[in-house]
Amino acid sequence: MHLNQWFERGMNPDTYIESMEKNKEDLLHIYDHFSLPVDDAFFNEIREKNLRAIVLTEDWCGDAMLNIPILLKLSEAANMQVRMLLRDQNLELMDQYLTNGKARSIPIFVFINENGEEVAKWGPRAAELQQFVDHSRASLPPQDAQDHDEKAKEMYLFISKSYRDNQDFWLAVYNSLKETLAKA
């Protein structure tokens, strides 16, 4: 299927957010509290490219909870249409965007031009956040340890709260998206 067809198949962001069951409140918290930097020249540059975004996501994903509201703010400023596709219902597309050639990590943002050609891909997280996650994971006990599952749950809760509340993370996502789109 062509990327234009995938885009047309997707949900608009409001429909996706209304359907969310897990991270809706935290996603909306970030959306309501994140303010884009004053960056009119960049927004105009993106607007002139007439880009659209396909987002592969699932509502249980903490990275999606953080990254999607930042993308939506940027898309509003740049007049970029966004459509959401659930990863698990769209594996044919997802499998074209595997992280490290093997993981179905999300979210993945596929930016397309008017002809439906991919001009940029972003995801699943900004480099600064990858370092944060890697550092957090490094403190986990071995997988065969009795307390591994408990410690992993604690770690994911800590990461999720950090994503929700650390505005430096929000800006890191914005800057990473900006860097990707500037090359588009």
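A donor-acceptor pair under 3.5 Å links the side-chain atoms of Asp59 to the main chain of Lys22, judged by distance alone. Within the 3.5 Å criterion, the main-chain N or O of Gln5 finds no donor-acceptor partner in the side chain of Glu8. Distance alone, capped at 3.5 Å, places no donor-acceptor pair between the His29 side chain and the Glu25 backbone.
The heavy-atom pair separating Gly62 from Tyr163 by the smallest distance is O-CD2, 3.4 Å. Among all heavy-atom pairs drawn from Ser136 and Ser139, the shortest one is O-OG, 2.8 Å. Contact detail for Thr99 and Ser105: the closest heavy-atom pair is OG1-CB, 3.3 Å. Considering every non-hydrogen atom in both Pro69 and Ala64, the closest pair reads CD-O, 3.9 Å. Here the closest non-hydrogen pair linking Leu56 and Arg87 is CD2-CA, 4.5 Å.
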field: Audit row: Ile108, Val55, side-chain contact (heavy atoms from CB on, under 4.5 Å) steps and yes/no
entry: CA-CA 6 Å; Ile108 297 294; Val55 176; over 6 Å; no
message: Is there a side-chain contact (heavy atoms from CB on, under 4.5 Å) between Leu86 and Met11? Walk through the geometry before answering.
response: CA-CA 9 Å; Leu86 298 178; Met11 292 178 267; 3.9 Å; yes
- prompt: Step by step, would you call Gln81 with Phe7 a side-chain contact (heavy atoms from CB on, under 4.5 Å)?
  reply: CA-CA 9 Å; Gln81 293 182 52; Phe7 180 85; 3.7 Å; yes
task: May I have the step-by-step check of side-chain contact (heavy atoms from CB on, under 4.5 Å) for Asn90 and Arg9, ending in yes or no?
output: CA-CA 10 Å; Asn90 295 281; Arg9 186 180 198 177; 3.7 Å; yes
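For CD of Glu128, the number of neighbouring non-hydrogen atoms (other residues, nucleotides, ligands) closer than 6.0 Å is 12 at most.
Counting heavy atoms from C-beta on, the side chains of Ile17 and Leu28 come closer than 4.5 Å. Side-chain contact between Ile106 and Trp60 is present, with at least one heavy-atom pair separated by less than 4.5 Å. Counting heavy atoms from C-beta on, the side chains of Phe109 and Pro107 come closer than 4.5 Å. Taking 4.5 Å as the limit, some side-chain heavy atom of Phe111 sits within range of a side-chain heavy atom of Leu71.
Applying the side-chain contact (heavy atoms from CB on, under 4.5 Å) test to Asn115 and every residue at least two apart in sequence or in another chain returns Asn113, Glu117. Scored by the side chain to side chain donor-acceptor pair (under 3.5 Å) test, Gln89 finds no partners at all (sequence neighbours excluded). Under the ring pair (Phe, Tyr, Trp, His ring centres under 6.0 Å) criterion, Phe169 pairs with Phe132, not counting sequence neighbours.
Val133 and Met65 fall within the same hydrophobic cluster, where Ile, Leu, Val, Met, Phe, Trp and Tyr residues are linked whenever their side-chain heavy atoms come under 4.5 Å apart, directly or through other members. Clustering ILVMFWY residues whenever any of their side-chain heavy atoms sit less than 4.5 angstrom apart, transitively, puts Val82 in the very cluster that holds Met20. A continuous path of Ile, Leu, Val, Met, Phe, Trp and Tyr side chains, each step under 4.5 Å between heavy atoms, connects Ile70 with Leu74, placing both in one hydrophobic cluster. Clustering ILVMFWY residues whenever any of their side-chain heavy atoms sit less than 4.5 angstrom apart, transitively, puts Ile68 in a cluster other than the one holding Ile54. Two different hydrophobic clusters hold Leu181 and Val110 under the rule that ILVMFWY side chains link at heavy-atom gaps under 4.5 Å.
For the pair Lys73 and Tyr174, the cation does not sit on the ring face, since its NZ or CZ is not both under 6.0 Å from the ring centre and inside 45° of the axis.
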Under 3.5 Å, side-chain donor or acceptor atoms of residues 143-157 against the rest of the protein: list the pairs with distances, not counting sequence neighbours.
none

For residues 118-125, dump all side-chain donor-acceptor pairs below 3.5 Å to protein atoms at least two apart in sequence or in another chain.
from   : atom 1 : to     : atom 2 : distance (Å)
Glu118 : OE1    : Tyr97  : OH     : 2.6
Trp122 : NE1    : Ser176 : OG     : 2.7
Arg125 : NE     : Asp63  : OD1    : 3.1
Arg125 : NE     : Asp63  : OD2    : 3.4
Arg125 : NH1    : Gln130 : OE1    : 2.9
Arg125 : NH2    : Asp63  : OD2    : 2.5

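With Leu129 as reference, Leu66 is the one residue of Leu66, Asp134, Asn166, Asn67 to meet the side chain to side chain contact (heavy atoms under 4.5 Å, CB included) rule.
Note on residues 98-107: pairs passing salt bridge (charged side-chain N to carboxylate O under 4.0 Å, His left out), not counting sequence neighbours, are Asp95-Arg104.
Note that CD of Glu45 is 12.5 Å distant from CG of Asp40, once rounded to the nearest 0.5 Å. Taken to the nearest 0.5 Å, the OG1 atom of Thr15 stands 10.5 Å off from the CE atom of Met84. The distance from the CG atom of Asn79 to the CD1 atom of Ile46 is 12.0 Å, given to the nearest 0.5 Å. Atoms CG and CG, on Asp39 and Asn175 in that order, are 8.5 Å from each other to the nearest 0.5 Å. A distance of 15.0 Å separates OH in Tyr16 from CZ in Arg83, rounded to the nearest 0.5 Å. Arg137 contributes atom CZ, which lies 6.5 Å from atom CD1 of Ile159 (distance to the nearest 0.5 angstrom).
A salt bridge links Glu18 to Lys24: one of the charged nitrogens lies within less than 4.0 Å of a carboxylate oxygen.
Judged by distance alone, the side chains of Asn4 and Arg52 do bring a donor and an acceptor atom under 3.5 Å apart.
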